[in-house]
Amino acid sequence: MQWFNPVEFMKDAVVEHEFVECTGSALVAIARFMKQFPEYKREQVKHFIKNGVKYLENLQMSDGSWYGSWGVCFIYGTFFAMRGLVAAGKTYKDCEAIRRAVRFLLETQNEEGGWGESYLSCSKRRYVPLSGRNKTNLVNTSQALISLVLGGQMERDPCPVNRAAKVLINSQLDNGDYPQEEMSGVLSVNLKLHYPMYRNVFTLWALTHYTQALRMLQ
């Protein structure tokens with residue numbers, strides 16, 4: 001079917017695929033549903049969660065990340081996979097996939113505490129940092145911060161998370177907005193998409209996770 005793709009620069013535009021982002025989000029949704037309706041189709045839901053976790057674990061890259069198909073790129077995919085695994089009840093202690101993901105994020109953190117990933121990761125299918133030494137992107141940093149909090153990093157060593165939060169807090173403009181940086185959306189590998197609200201949505205989301213985690217430590 002892919003042979004009939006009429007657009008040469010759009011990869012996998014004809015055949016629908018499964019995605020890390022969709023699977024992780026579905027696990028979050030079904031886990032929250034179970035809390036409200038624990039007896040509804042219980043066995044089917046448990047089977048769904050088991051299969052979703054297996055799918056995510058099987059797609060993890062050798063460096064501990066996940067490839068993201070709708071955003072830039074490995075930090076984005078890792079964020080969705082981590083949300084799904086944690087929603088399914090997995091933790092750093094009992095899940096090797098989460099431990100490997102945490103190591104990936106700690107190894108790619110910039111010196112000042114942020115993360116910055118190039119759109120080239122999408123086509124090269126390996127993690128490529130932004131050009132320029134120690135260059136940070138706020139959306140990447142926010143997604144990585146949330147992933148580390150979900151992975152229990154605050155309980156083990158909060159320093160990397162504190163440094164990331166400092167980057168976000170210090171980047172806020174005087175009017176309360178955050179600066180627009182590199183585009184974070186992707187479609188069919190080669191198309192970049194501009195989501196102007198990402199810079200606010202993900203930063204505020206990350207700082208919410210951070211402040212909640214801080215309260216848990218008190």
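Quantities reported herein were computed from a predicted structural model and do not represent experimental measurements.
Side-chain contact between R83 and L150 is present, with heavy atoms from C-beta onward closer than 4.5 Å. Residues L214 and M154 are in side-chain contact: their nearest non-hydrogen atoms beyond the backbone lie under 4.5 Å apart. Between L138 and P179, some side-chain heavy-atom pair lies under the 4.5 Å cut-off. Two residues are said to be in side-chain contact when any heavy atoms from C-beta on lie closer than 4.5 Å; R42 and K46 meet this criterion. The closest side-chain heavy-atom distance from T208 to Q212 is below 4.5 Å. At least one side-chain heavy atom of R126 sits less than 4.5 Å from a side-chain heavy atom of V128. Taking the side chain as every heavy atom from C-beta outward, I98 and T91 never approach each other to under 4.5 Å. Under the 4.5 Å side-chain criterion, counting only non-hydrogen atoms from C-beta, Y210 is in contact with N162.
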Practice item. Go through the steps to decide whether Y195 and Y198 satisfy the test ring pair (Phe, Tyr, Trp, His ring centres under 6.0 Å), and finish with yes or no. Key: CA-CA 6 Å; Y195 295 125; Y198 268 24; 4.8 Å; yes
- request: Could you go through the ring pair (Phe, Tyr, Trp, His ring centres under 6.0 Å) check for F104 and Y127 one step at a time?
  value: CA-CA 10 Å; F104 162 74; Y127 180 81; 5.6 Å; yes
Chi angles and distances behind the salt bridge (charged side-chain N to carboxylate O under 4.0 Å, His left out) call for R199, D177: CA-CA 8 Å; R199 68 182 191 268; D177 198 0; 2.9 Å; yes
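Note that the CG atom of L148 and the CD atom of Q143 stand 12.0 Å from one another [nearest 0.5 Å]. A distance of 8.0 Å separates NE2 in H194 from CE in M183, rounded to the nearest 0.5 Å. Atom CG of L106 and atom CZ of R103 lie 9.5 Å apart (nearest 0.5 Å). In this structure, the separation between CZ on R125 and CG on L120 is 14.0 Å, given to the nearest 0.5 Å. To the nearest 0.5 Å, atom OG1 of residue T23 and atom CZ of residue F80 are 11.5 Å apart. Distance CD/Q180 to CE/M197: 10.5 Å, rounded to 0.5 Å.
Side-chain contact annotation: N140 with Y76, donor-acceptor N/O pair under 3.5 Å absent. Side-chain polar atoms of S65 and Q60 form no donor-acceptor pair below 3.5 angstrom. Checked by atom type, the side-chain pair E117/N137 shows no donor-acceptor distance below 3.5 Å. Using modelled atom types and a 3.5 Å distance limit, the side chains of W115 and T108 yield a donor-acceptor pair. Side-chain atoms of Q153 and R156 form a donor-acceptor pair, as typed in the model, at a separation below 3.5 Å.
We find that K135 and E182 are joined by a salt bridge, their nearest charged nitrogen and carboxylate oxygen being less than 4.0 Å apart. One finds a salt bridge joining E96 and R99 here, because a Lys/Arg side-chain nitrogen approaches an Asp/Glu carboxylate oxygen to under 4.0 Å.
The aromatic rings of W205 and F202 sit parallel to each other, their planes meeting at less than 30°, with 60° as the upper class boundary.
Transitive grouping of hydrophobic side chains (ILVMFWY, heavy atoms separated by less than 4.5 Å) keeps V28 and F37 in distinct clusters. In the hydrophobic cluster analysis, where Ile, Leu, Val, Met, Phe, Trp and Tyr join through side-chain heavy atoms closer than 4.5 angstrom, W70 is grouped apart from V186. F79 and Y119 sit in two unconnected hydrophobic clusters of ILVMFWY residues. Membership requires side-chain heavy atoms under 4.5 Å apart, directly or through other members.
The local environment of NZ in K50 is sparse, with at most 12 non-hydrogen atoms from other residues, nucleotides or ligands closer than 6.0 Å. Annotation: Y67, atom OH; neighbour count of heavy atoms from other residues, nucleotides and ligands within 6.0 Å is above 12. Around the CG atom of N175, the shell of radius 6.0 Å holds more than 12 heavy atoms that belong to other residues, nucleotides or ligands.
The shortest non-hydrogen separation linking A81 to V20 is CB-CG1, 3.9 Å. Pairing each heavy atom of Y92 with each of G151, the nearest pair is CB-O, 3.4 Å. Of all non-hydrogen atoms in G113 and V167, the two that sit nearest each other are C-CG2, 3.9 Å. Looking at every heavy atom in both residues, T141 comes nearest to G114 through OG1-CA, 3.4 Å. Of all heavy-atom pairs spanning A165 and L145, the tightest one is N-CD1, 3.5 Å. Of all heavy-atom pairs between L27 and I49, the closest is CD2-CA, 3.7 Å.
Between the side chain of R163 and the backbone N or O of Q109 there is no donor-acceptor pair closer than 3.5 Å. Although no hydrogens or angles enter the test, the distance criterion places no donor-acceptor pair under 3.5 Å between the side chain of S25 and the main chain of C22.
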